[in-house]
Amino acid sequence: MIRLFKNKLEAFETSVSRRSFFVVYTVVFLILFAAMSFSFLIAGKGFIWNVDGLEQQYVFFAYEGEWLRELLYNLFIARTGDIPSWSMEIGYGADVALTLLPSLGDPLNLLSVLVPLRYADLALNVSVPLHLFLAGLAFSGFCLYRGKDRFSVLVASMVYVFSGYTLLAFSQIFMLYPLLLGPLVVWGIEKILSHESPLLFIVALALCFLKSVTMVYAVCILLVVYCAIRYAFLPEKKSFGGFLKWLFTITGYVLIAGLIGAILFIPGVVTLLGEGRIGLDRPESLLYSITYYVKLVLGFGSVADVGADCSYGFAAIALLAVFLLFGKNAGKGIASSPNRTECKVLRILFVVMTIFLCLPIVGKVFNGFAYPNNRWVWAYVLCIAYIVAAMLPDCLSMKRGCGKTAVKGSIVYAFVVVFVLFPFKTNEALFGVAVLFVLLTVLAGGLELSMASKKVAVLVSLLVCVGFLFNNFGSQFGASGGRVANQVGMGRSYDVLVENNPTTLVSQVNDSSFWRYDSAGTGQYLNGNIVQGLKSPLFYDSYYNDLVDEYHTGLGLASSSINFMYSGLDSRTPLEALAGVKYFVTPSDSTSLVPPLFNSVALEGEAEGESYQVSETDSNLPLVFMYDETVPREKYDAMDPAQKQQALLQGVVLEDSLSLEESPVSFNDERLDFVVEYLDGTTVEVGDAKEDSGFSFDGSSFTVYRGDARVVLDVLIPANVDAYVGISGFTYYDILPSERLSESDRDNVQLFQKQQLAFQDAVYGVGTVDSKIRLRLGEVEKTLWNPTSGSHLFGGKDEWLVNMGYSDAERQRIELVFQDPGVYSFDKLEVIAQPVGGFVSQLQKLKMTSDKINDVRYTGSTLSCEASVEGGSKLVYFMIPFSQGWSAEVDGVSVDLLKANVAFMGLELDEGVHEIKLHYVTPGLKLGAALSLGGFVLLAALLLARRKTHRANDRKDRGDHAAIDGRMRS
C-alpha cells in the first residue's frame, strides 16, 4: 500500500496534466476538511454559530435567496420591472441591498437563489467547503504560475486553506471570501509586473470592491506595501520616470476595478460615511497587551484566536519553511528553490507583516482608524503559505549537518514555548512543538529515508495538525464540548428562527392591518423577523441607519447598547406605540413582563415545550398618522430620556417648523427618593465598605472588588406606574487583580502572593471593557450592557433608562448586581415612576388622526396615501426611518421630506385633500450603476487596445524576421 502511494505520488509530480493535479488536490482537500470538521459533523452540528452565524449570516443568505427570487419573478414573469428596494421586515424598515451587502458581494452566495428558505441552512453550510476548496485552487494556480513544483504547491495550498484563520468558518462564514480573492489579486499583480494582461487583477479587485468597503480598503493598503517591495526588486533599471509609469499603470487598473464594483461599493460608502460610530474617540495604545504577544508566539505553531480579531496559526511545516527562509543558504543549491531575489522579497514581506501584527496603530489603520483590528490577517496567512511553497524543496533536502537554521530556529521556538512562556502554555502549542520536532527529525535527523517517504511524512504531519488542533484533541467529539456547543445543528436554523421560535406565534393572528410585534423573556433572535416574514423592532447589521441609533441613544434605550443592534423597545409604552407594536409575546407564566396597555390575550401556544401567550393592545399607532403640534429639536435634546418619551406623544420633534404650533409639553413622572443599602438592609455609608459586600461607595461611584457584588436601592414605588432606573454619565473602568483586595486581605498578603499579584497585574492586559449591571425588581430582571471606549462595540453612549416593569401594587427594593470588578461611576442615578394612564388619551388622539388618512398602499419601494387635512396645518407622520433614498410627491409636485422624531419621516401639509406618494431608491445605486457600466466600457477598450498592440507587434516581428531572412538569402 505504501509503495503504491509512493508510486502515485511520483506520477503526480512528474505529470503536467492539470486534471491530475485537480484530482489529487481534491482528494487531499476532502481528507483534511473531514479531519478539520470531524467533531462538529459527528455531533450533528454545522458551521453556523448560534450568534452572528445564525442572526446575520444565515438570515442574510436566506433572505438574499428570497429577494433574488422575487426580483426574478418581477423581471421575467410578472414583467413589472419592480426592484424591491425597501423592506419593512428589517428593523423599523431598511434598504434591502444595503442590509444584504455582506452576502450580496460574494458571487458564491448566489447559490441561495436555488434553495428554498427552509433549506438555506444546508446551502450556507455547503458554501464553507466550497469557499475553502476554491481558495486553495486559486492559491495553487498562483504558485504554479510562479514556477513552484506540484508537491510543494499541494502542501502549501493545504497550509493556506487549513490555517488558524479558517477558525472563522465556525463563526464568521462570510469572512472566508478574502482567502479566495487574495491569491487572485496577487497573481494579477504579478502578471502586470511581467507585462502580461491586467484582466485577472482587474476582475479580482473588482470582486473586492463588490464585496465590502472595509475589505477593499485593506486590500488596497496591502497592495501599496506589496507593490513597493516588488518594485524595489524588479530587474529593470530604476528611475523616477519608471516609478511613475508603474504607479499610474497600476492606479489606472485599480480605478477600472473600482468603477466595475461601484454598483455596490458606492452605496456602501454612502452608508458607512453616515454612521456615527466611525468618528468616536477611543483610547490610543502603542502596544497590545502582553497576553496578545504571548498568544501570537504560541499560536504560530498551532491555531489560535490571538485577539483583535486575529485568528491564525499553521501546521509544523510552516515553521520549518520560515526558519529556512532566513538561513544564509536560502535560495541556492536546489533547482526548485526560490532565487535570492525572491528570498529577499519574502523575508521583507514576512518581517513587515509580522511587525504589522504587533502594532495597534497598524490594526487601527486597517480598520479605517476606528479601533485596532487585524482581520486582514488572511494576507499574513497567504504570505506564510507562499513561503511554504517556495521553501518546501529545501525542507525536503535537509540532511545531517545541513539545515542548521531550521534546527536552531526550532530549538529556540521550543525553548520559548515550553520554558519562557511556561505560565501561558497551551496543549495546542505543546502539540505543535512536538509535531515540529518529529518532522524535523524525519527531514534533517540523518534517517535514511527516501524523498517519497519524507513527502509522505509532510502530508501526515498536515493531517495530524489539522485533525488534532481544530478538534482540540477530541474534547469536542460531543455535542456539549468546546466550540461544538456554540454551533447550530446542521439544517436546524430555520427551525430555531421560525418554526420553534416563540415569537412566530403572532403569525397565527388574523390581522391584515399594519402592525409589529415585540417580546420579553422569549430568548430573542435578532433579525429573526426577517426570515419569519414579520415586522418587529429587531435589527443587527453593520450597515445601519445612524438616525435610528441617534433616536435610541437619546431615549436611553437599554436594548440598544450597540449602534448597529437593537433588540426591542424594553416594554416602554410610548415607544412600543410609536413603533406600531400591537402584539407582545411572553411566557405564559411571566405576565409581569407584559406592558400595561397590552390588556388582552390574542392567543396562546407552545414552542420548544414551553407555553407562551400573545398579548394585544388597541393603543398602537398606524403606519401613517398626523401631528398638529411640534416640539422644537433643541428643547427635545435638553430633556432626559424619561421626559423625551412623554414629549413624543404630545408633539412631533422637528428641526424647524413652518406652520405647526409648539406643544406645551407637560410631564407627569415622579423622581423617587431612595436609600442605598447592603443586602442585609443596612444603609451604605459613603466611604465605608462591609468586608463581605464586595464593593465600596463614595457617593457617586461603586468600586467593585469581586464579580456579582450586589447593592439595593430601597425605594417606595407607587402602584399603577412604570418604574424606571435612570442612569446618566455612566463610566466604567476595570481594576487590576492586586486592587481587588479588601483592607484586611491586604494586611495578610504574604510575599509570594504579592509577587503573584504583581505578575497577574503585568499580564492582565485590557481587562473588562464591556461592563454589565443586572437590575432586579420583583419578577422583572434586566441587564444594562454598557460597552466602554476600550471595546470594539463602543457606541459613545452613557445615558440609560431601564424599564423595571409595571405593577398595580406598590414595590420597594431594586437590586443592582455589578457583574465584573471595576469602578462604576454615575453623574446621576435615579428611580423614576411614570404613570401610564395619561398616555391613553394622548395615543387615542394621535390614532384618531389616521381616520383622515385613506387608501394607504405600500409595496417594496413605494408608499402612497390620501391625507385629508382639517383645522389648520398638520404634519403627516410616516413610521418609516428617514433616508436620503426616499423622495416625496404631494399632489404630483416634488417636496422635501422632513426628519420627524429624530429618525423618521414627515410632511407638513396645509388644509385640504392631498395625494401623497413616497418612493425609495438605494442612495448611490444609480451613480454606482452608471460608474459600473463605464468601468466595463473602459475594461473592454483596454483589452481591445492591448489586442491591437499585440497584433501590431506580431506583424512587426514577422516583418523583421522576413527582412532578416531576405538579407540572409541575398
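- Taking a cutoff of 4.0 Å between a charged side-chain nitrogen and a carboxylate oxygen, D518 and R572 do not qualify as a salt bridge.
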- Start with the C-alpha gap between D106 and H131, add the side-chain angles, then the distance that decides, and say whether side-chain hydrogen bond (donor to acceptor under 3.5 Å, both in side chains) holds. CA-CA 10 Å; D106 184 348; H131 277 89; 2.5 Å; yes

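- Minimum heavy-atom separation, P587 to A520: CD-O, 3.4 Å.
- Using a 4.0 Å cut-off between charged nitrogen and carboxylate oxygen, D855 and R857 count as a salt-bridge pair.
- Side chain to side chain, S39 and N471 meet the donor-acceptor criterion of an N or O pair below 3.5 Å.
- Looking at S619 and F839, their side chains never come closer than 4.5 Å, going by heavy atoms from C-beta outward.
- Using a 4.0 Å cut-off between a side-chain N of Lys or Arg and a carboxylate O of Asp or Glu, D708 and R774 qualify as a salt bridge.
- Closest approach of M490 to D121, counting heavy atoms only: C-OD1, 4.0 Å.
- D570 and N803 share no side-chain donor-acceptor pair at under 3.5 Å.
- Side-chain contact check for Y517 versus T503: some heavy-atom pair is nearer than 4.5 Å.
- Across all their heavy atoms, N620 and F514 have their closest contact at ND2-O, 4.4 Å.
- With contacts defined as side-chain heavy-atom distances shorter than 4.5 Å, the pair I880/Y92 does not qualify.
- Heavy atoms only, all atoms of each residue included: V115 and A120 are closest at CG1-N, 3.7 Å.
- Side-chain atoms of W49 and Q57, non-hydrogen and from C-beta on, never get closer than 4.5 Å to each other.
- Judged by distance alone, the side chains of S87 and Y63 do bring a donor and an acceptor atom under 3.5 Å apart.
- Residues T553 and K797 have side chains that bring a donor and an acceptor to within less than 3.5 angstrom of each other.
- Between F162 and F470, the two ring planes are perpendicular [angle over 60°; tilted spans 30° to 60°].
- Among the candidates Y543, F61, Y177, the single residue satisfying the side-chain contact (heavy atoms from CB on, under 4.5 Å) test with P102 is Y543.
- Nearest heavy atom pair, residue L793 against residue N563, reads O-OD1, 4.4 Å.
- Nearest heavy atom pair, residue S883 against residue W86, reads CB-CZ3, 4.4 Å.
- Under the 4.5 Å side-chain criterion, counting only non-hydrogen atoms from C-beta, V614 is not in contact with V601.
- You'll find the ring centres of F170 and F40 inside the 6.0 Å limit.
- Residues F33 and F47 bring their aromatic ring centres within 6.0 Å.
- Annotation: F904 is in aromatic contact with Y551 [ring centroid separation under 6.0 Å].
- Looking only at side-chain heavy atoms (C-beta outward), S615 and Y583 stay at 4.5 Å or farther from each other.
- Using the six-membered ring where Trp is involved, F133 and F29 have ring planes that are perpendicular, over 60° apart on the 30 and 60° scheme.
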